[in-house]
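The chain is numbered in sequence order, starting from 1.
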Amino acid sequence: MGIKVLLIAFIGFGGGITVGSGLVALITVLGIVPRLMQLSKTYRYIRGYEMSIILGAVIGGWMNLRNASIGFSAFFLVPIGLFMGIFVGMLAAALTEVLNVLPILAKRVGFGEKIIIILMAIVLGKISGSLFHWMYYINH
């Protein structure tokens, strides 16, 4: 029994290290934090950015392992959801910016001059998919 528990703990720790390293590599390669500081002109708050990322990962991981849930009112959850959406949007925008996906896609499809149509299709698709998920699947 003791060996089995140690093996499971070792595998879990190894998986956590792997996923954490991948997340750090993704954030580093995309340059999200430096780009965010550049756009918002908040270079002096670098420690705050670092601590936010570290604490968010640690607390989120701990809560996930403990199956914890926090009961907040909708008044408090709306800003949290907004900030989470902003983070996911910035992550997607950074990935798109680094890989230059949209200009290549626009040239291949033949929409070189109409790239705004592609952007709006992505935005509206993401919004409608998220709303459908939250309004339909969460309630059923």
[X] and [Y]: same hydrophobic cluster, using ILVMFWY side-chain contacts below 4.5 Å?
X     : Y     : value
Tyr43 : Tyr49 : yes
Phe13 : Ile3  : no
Met84 : Met63 : yes
Val78 : Ile80 : no
Ile46 : Ile53 : yes

Atom CZ of Phe76: over 12 foreign heavy atoms under 6.0 Å =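 No - once you tally the heavy atoms of other residues, nucleotides and ligands closer than 6.0 Å, there are 12 at most.
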Can you tell me if Ser128 uses its side chain to pair, donor with acceptor, with the backbone of Gly125 under 3.5 Å?
->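 Such a contact is found between Ser128 side chain and Gly125 backbone.
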Output the distance between atom OH (Tyr45) and atom CE (Met37), rounded to the nearest 0.5 Å.
->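 The OH atom of Tyr45 sits 13.0 Å away from the CE atom of Met37.
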Search all heavy atoms of Glu50 against all heavy atoms of Arg47 and return the closest pair with its distance.
->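 In this case the closest contact between Glu50 and Arg47 is OE1-NH1, 2.9 Å.
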